[in-house]
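This report concerns only the one structure given below.
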Protein chains: 2
Amino acid sequence: MTTKEYTAEQERLARFAKAMGHPARIAILEFLAAQECCFFGDIHEVLPISKATVSQHLSELRDAGLIQGTIEPPKVRYCINRENWATARRLFAGFFKENNREKGECCP
Amino acid sequence: MTTKEYTAEQERLARFAKAMGHPARIAILEFLAAQECCFFGDIHEVLPISKATVSQHLSELRDAGLIQGTIEPPKVRYCINRENWATARRLFAGFFKENNREKGECCP
DNA sequence: TTTGTTGTTCGCAAAATAACGAACAATTCT
DNA sequence: AGAATTGTTCGTTATTTTGCGAACAACAAA
C-alpha cells in the first residue's frame, strides 16, 4: 500500500494534462497549432494577461515539452514541439479509447 | 488587452485537463473506465495514498464532472460519468486534430 | 553612445493543491 | 445497545500555481 507507484504512461499523460490545465495555455497551444509558430508578441496580443504571466505559461508548456522557443533577436519564436505533441495525442487517444466495458450499466 | 476572455470550449477543455493533471487521478479514471464502476475501497486498494487523499481526488474528479458516486451503504460506488466523458473525448480529439498547418516548417 | 524594442527574471502576495492522521457519520452485524 | 465497516470531513502543513509590476538583459537602430 506504500510503494505502489504509477506507471510511466500515467505520469506522462498527467504531465501533459497538467500543462493543458489552464485556459491561457489551451489558448496558446491552439494559437500555435494553427499558426505553425509565431513570436511572443503575437501570443501576448491575443491573451488577457500581462507579458510576465504569458512568459510563465510559455515556460510551463516548454517544460512539459509541448512547445519550443528559439531566440531570434530581438524576438523569440515559439513553435509546437511536433514530436511530443504527437506523443500527447497518442496518449490521450489511448486514454479515451472505447473501453473494455461489457454490457450492463454497473457491476453487481 | 484587458477584457479578452477565453472561449467556453477552452475553459471546459482546461477544466478536464486540470482534473487529469495528476497521476493518481489518471489511475483512478483508467481503473473506472476498465471496470465500468466499483467501490471506494477497490480504488483505494490500487493506489499508494491514504484514503483521505483518495477521497479528495475523487471529489475533484466529481467536481470536474468526469465521475459520479452513489452511496450504497455501507459503501460508495463510483462510476465514470459517460456523458461528460464523451464530451471530454470530443474536446481532446478536436484539440489534437490534424491541424490547419500548411507546407513550411515555420512562418517567415 | 544613447535610445528602443522585445522578452525574461525577480520579488511578492494570494490562492489553490497535495497529503496525512484523527475524528466523525452512517449503516450493518452481533 | 454495542461493535464493526466504510468513507467523508476537519485541521494542519508544505508546496505549487497564478498573477503582476518593476527591474533587467540582449540586441537593433539612431
Side-chain angles (χ1 to χ4, degrees), chain A residues 1-6 10-11 14-29 31-32 37-64 66-79 106-108, chain B residues 1-6 10-11 14-29 31-32 37-64 66-79 107:
Chain A
M1 205 207 288
T2 34
T3 28
K4 261 171 275 158
E5 276 313 312
Y6 306 106
Q10 287 171 339
E11 303 261 14
R15 186 80 180 76
F16 285 133
K18 190 175 182 181
M20 292 171 58
H22 190 290
R25 295 197 288 269
I26 292 291
I28 291 171
L29 291 172
F31 190 71
L32 283 178
C37 68
C38 59
F39 299 116
F40 175 93
D42 304 326
I43 300 172
H44 178 218
E45 240 177 16
V46 178
L47 297 178
I49 52 183
S50 76
K51 59 181 181 170
T53 306
V54 171
S55 195
Q56 278 190 184
H57 282 307
L58 288 170
S59 288
E60 290 180 44
L61 289 172
R62 188 160 22 73
D63 292 347
L66 287 171
I67 68 173
Q68 57 199 94
T70 61
I71 300 174
E72 220 159 298
K75 300 190 171 185
V76 179
R77 183 190 300 280
Y78 281 98
C79 316
C106 271
C107 39
Chain B
M1 203 208 289
T2 34
T3 29
K4 263 171 278 160
E5 276 313 313
Y6 307 106
Q10 287 171 338
E11 303 261 15
R15 187 79 180 76
F16 285 133
K18 188 175 183 181
M20 291 171 58
H22 191 291
R25 295 197 288 268
I26 292 291
I28 292 171
L29 290 172
F31 191 70
L32 282 179
C37 68
C38 59
F39 299 117
F40 175 94
D42 303 326
I43 300 171
H44 178 217
E45 241 177 15
V46 177
L47 298 178
I49 52 184
S50 76
K51 59 182 181 169
T53 306
V54 171
S55 196
Q56 277 191 183
H57 283 306
L58 288 170
S59 289
E60 291 178 43
L61 290 172
R62 188 160 22 73
D63 292 347
L66 287 172
I67 67 172
Q68 57 198 91
T70 60
I71 299 173
E72 222 159 295
K75 299 189 172 185
V76 178
R77 183 191 301 278
Y78 280 98
C79 314
C107 38

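Note on naming: letters A, B, ... go to the chains in the order of the sequence lines (proteins, then strands), and numbering restarts at 1 for each one.
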When every non-hydrogen atom of B:Pro23 is compared with those of A:Ala14, the smallest separation belongs to N-CB, 3.4 Å
When every non-hydrogen atom of A:Cys37 is compared with those of A:Tyr78, the smallest separation belongs to CB-O, 2.8 Å
Sorted by chain and residue number, the side chain to side chain contact (heavy atoms under 4.5 Å, CB included) partners of B:Ser59 (sequence neighbours excluded) come out as B:Arg62
Residues passing the side chain to side chain contact (heavy atoms under 4.5 Å, CB included) test with A:Gln10, sequence neighbours excluded, are A:Tyr6, A:Thr7, B:Ile26, B:Ala27, B:Glu30
How close or far is atom [atom2] of [N] from atom [atom1] of [X], stated in whole angstroms?
{"X": "A:Asp42", "N": "C:dG7", "atom1": "CG", "atom2": "C1'", "result": "13 Å"}
{"X": "A:Ile28", "N": "C:dG7", "atom1": "CD1", "atom2": "C1'", "result": "14 Å"}
{"X": "A:Ile43", "N": "C:dG7", "atom1": "CD1", "atom2": "P", "result": "9 Å"}
{"X": "B:His44", "N": "C:dC20", "atom1": "NE2", "atom2": "C1'", "result": "11 Å"}
{"X": "A:Lys75", "N": "C:dT8", "atom1": "NZ", "atom2": "P", "result": "13 Å"}
{"X": "B:Ile71", "N": "C:dA26", "atom1": "CD1", "atom2": "P", "result": "9 Å"}
{"X": "B:Phe39", "N": "C:dA26", "atom1": "CZ", "atom2": "C1'", "result": "16 Å"}

Across all chains, not counting sequence neighbours, the side chain to side chain donor-acceptor pair (under 3.5 Å) partners of A:Glu60 are A:Arg25
Contacts of A:Thr53 meeting side chain to side chain donor-acceptor pair (under 3.5 Å) (sequence neighbours excluded), chain-then-number -> A:Ser50
Taking five pairs at each terminus, the helix from C:dT1-D:dA30 to C:dT30-D:dA1 shows an axis bend, to 10°, of 0°
Roughly how far, to the nearest 0.5 Å, is the [atom2] atom of [Y] from the [atom1] atom of [X]?
{"X": "B:Leu29", "Y": "B:Ile43", "atom1": "CG", "atom2": "CD1", "value": "9.5 Å"}
{"X": "B:Leu47", "Y": "B:Ile28", "atom1": "CG", "atom2": "CD1", "value": "5.5 Å"}
{"X": "A:Leu32", "Y": "A:Cys38", "atom1": "CG", "atom2": "SG", "value": "5.0 Å"}

B/S/- along nucleotides 14-30 of chain D (protein heavy atoms under 4.0 Å) is ---SBBBB-----S---
Would one find a side-chain N or O of A:Tyr78 under 4.0 angstrom from OP1 or OP2 of C:dT6?
no
